[in-house]
Amino acid sequence: MVGEEGAFVLGWDEVLTEEELSTTLKVLCMSEEEFKEYKEQDGWEDDSEEEENSTLSNEALSKLKTPCKKLLHDSVLLTLESYGADLKAEQDLLNNKEAFEKLSRREQQALHVRYGQKRILHQLLELVQ
C-alpha cells in the first residue's frame, strides 16, 4: 500500500501520495470483519468517483475520523523522534549566523531540509489533534 519507499509524501498544503495514505488509513482503521470483506473483494473496486477525485488537503486531514487522526498523530510523533534534534534546536541553529556559517555547505543544506521536514510534520500534528 505504501509503495517501494515505505513513506508518505507530505507538502505544505496537501498529501502528495494521497491514494497510498488514504488506502493505508482505511485499512489500518478497519475492524477485523471489514478487513476480511476488503480482502475478499480485492479492495474497493467500486469507490465513488467523488472519493477518487478528492484530495487529502490540510482541511481534509483535519476532518478525518478520530481513529485515523490518532494513527497519523502517533506516526508523526514516531517520525519526529527519529530526528536527532527537535524543531527549536534546528531553528536556533539557523538563526545563529556564526554557528550556521561554521557548518559545511552540505551541512547547511541538510539543516534546511530537516528543518522544513520538521515544520511540515509539526503542521500535520496540529491538523490531526
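Quantities reported herein were computed from a predicted structural model and do not represent experimental measurements.
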I need the [X] [atom1] to [Y] [atom2] distance, nearest 0.5 Å.
| X | Y | atom1 | atom2 | value |
| --- | --- | --- | --- | --- |
| L127 | N58 | CG | CG | 5.0 Å |
| L56 | T17 | CG | OG1 | 8.5 Å |
| L25 | E20 | CG | CD | 11.5 Å |
| E59 | K63 | CD | NZ | 4.0 Å |

[X] versus [Y]: any side-chain heavy-atom pair under 4.5 Å?
| X | Y | answer |
| --- | --- | --- |
| M30 | V27 | yes |
| L80 | H122 | yes |
| V113 | Q109 | no |
| T24 | F8 | yes |

Quiz item: Hey, quick one: are W12 and V76 part of the same hydrophobic cluster, counting side-chain heavy atoms closer than 4.5 Å, chains of contacts allowed?
Solution: yes
Quiz item: Can a salt bridge be assigned to the pair E40 and K36 using a cut-off of 4.0 Å between side-chain N and carboxylate O?
Solution: no
Quick one: list whatever passes salt bridge (charged side-chain N to carboxylate O under 4.0 Å, His left out) with [X], sequence neighbours left out.
| X | result |
| --- | --- |
| D13 | none |
| R119 | none |
| D74 | K70 |

Self-check item: Identified side chain to side chain donor-acceptor pair (under 3.5 Å) partner of Y83 from the options K118, Q117, E90
Solution: Q117
Quiz prompt | Short side-chain to backbone donor-acceptor contact, E126 and Q123, under 3.5 Å | solution = no
Self-check item: N95 side chain vs Q91 backbone, donor-acceptor pair below 3.5 Å
Solution: yes
Which heavy atom of [X] sits nearest a heavy atom of [Y], and at what distance?
| X | Y | answer |
| --- | --- | --- |
| L64 | C68 | CB-CB, 4.2 Å |
| L16 | G11 | CG-N, 4.1 Å |
| Q129 | K69 | O-NZ, 3.8 Å |

Quiz item: Residues two or more places apart in sequence or in another chain: which of them pass side-chain contact (heavy atoms from CB on, under 4.5 Å) with L10?
Solution: V15, I120, L121, L124
Quiz item: side-chain contact (heavy atoms from CB on, under 4.5 Å) with T66: which residues, sequence neighbours excluded?
Solution: none
Practice problem: Determine whether more than 12 heavy atoms belonging to other residues, nucleotides or ligands lie under 6.0 Å from atom CD of E107. | Solution: yes
Exercise. Would you mind listing the cluster partners of L87? Hydrophobic ones only (ILVMFWY), side-chain contacts under 4.5 Å, chaining allowed.
Key: L93, L94, F100, L103, L111, Y115
